[in-house]
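Bear in mind that the values here come from a model prediction, so they are computed numbers and not experimental data. Each residue takes its place number in the sequence, starting with 1.
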Amino acid sequence: MDYYKDTELLIRNMVQSDAQIITDEEIAQGWSQTVEKYKMRL
């Protein structure tokens with residue numbers, strides 16, 4: 001479901017494939033994360 005959408009921003013429900021993307025980006029910033037954190041939220 002899309003909650004908001006314009007030419008620069010989309011706010012939507014999280015999907016399964018987002019979990020790994022978010023985890024990878026947090027790790028790249030030096031955070032200690034696991035993908036399970038986001039999979040539980042789905």
Is V15 isolated, or which residues cluster with it under the ILVMFWY side-chain rule of less than 4.5 Å, directly or via members? none

Excluding sequence neighbours, so at least two apart, what forms side-chain contact (heavy atoms from CB on, under 4.5 Å) with E8? D6

Verify whether one side chain among Y38 and Q16 offers a donor that lies under 3.5 Å from an acceptor in the other. no

Minimal heavy-atom distance between L42 and M14, with the atoms involved, is CD2-O, 3.5 Å

If the condition is side-chain hydrogen bond (donor to acceptor under 3.5 Å, both in side chains), which residues does K37 pass it with, not counting sequence neighbours? Q33

Side-chain heavy-atom pair T23, T34 within 4.5 angstrom cut-off: no

For D24, salt bridge (Lys or Arg N to Asp or Glu O under 4.0 Å) partners two or more places apart: none

Show which residues join M40 in its hydrophobic cluster (side-chain heavy-atom contacts under 4.5 Å, direct or indirect), or state none. none

Apart from Y3 itself, what residues make up its hydrophobic cluster, given side-chain heavy atom links below 4.5 Å? M1, Y4, L9, I11

For I21, what residues pass the side-chain contact (heavy atoms from CB on, under 4.5 Å) criterion, not counting sequence neighbours? none

Mind listing the closest non-hydrogen atom pair of D18 and N13 along with its distance? OD2-O, 4.3 Å

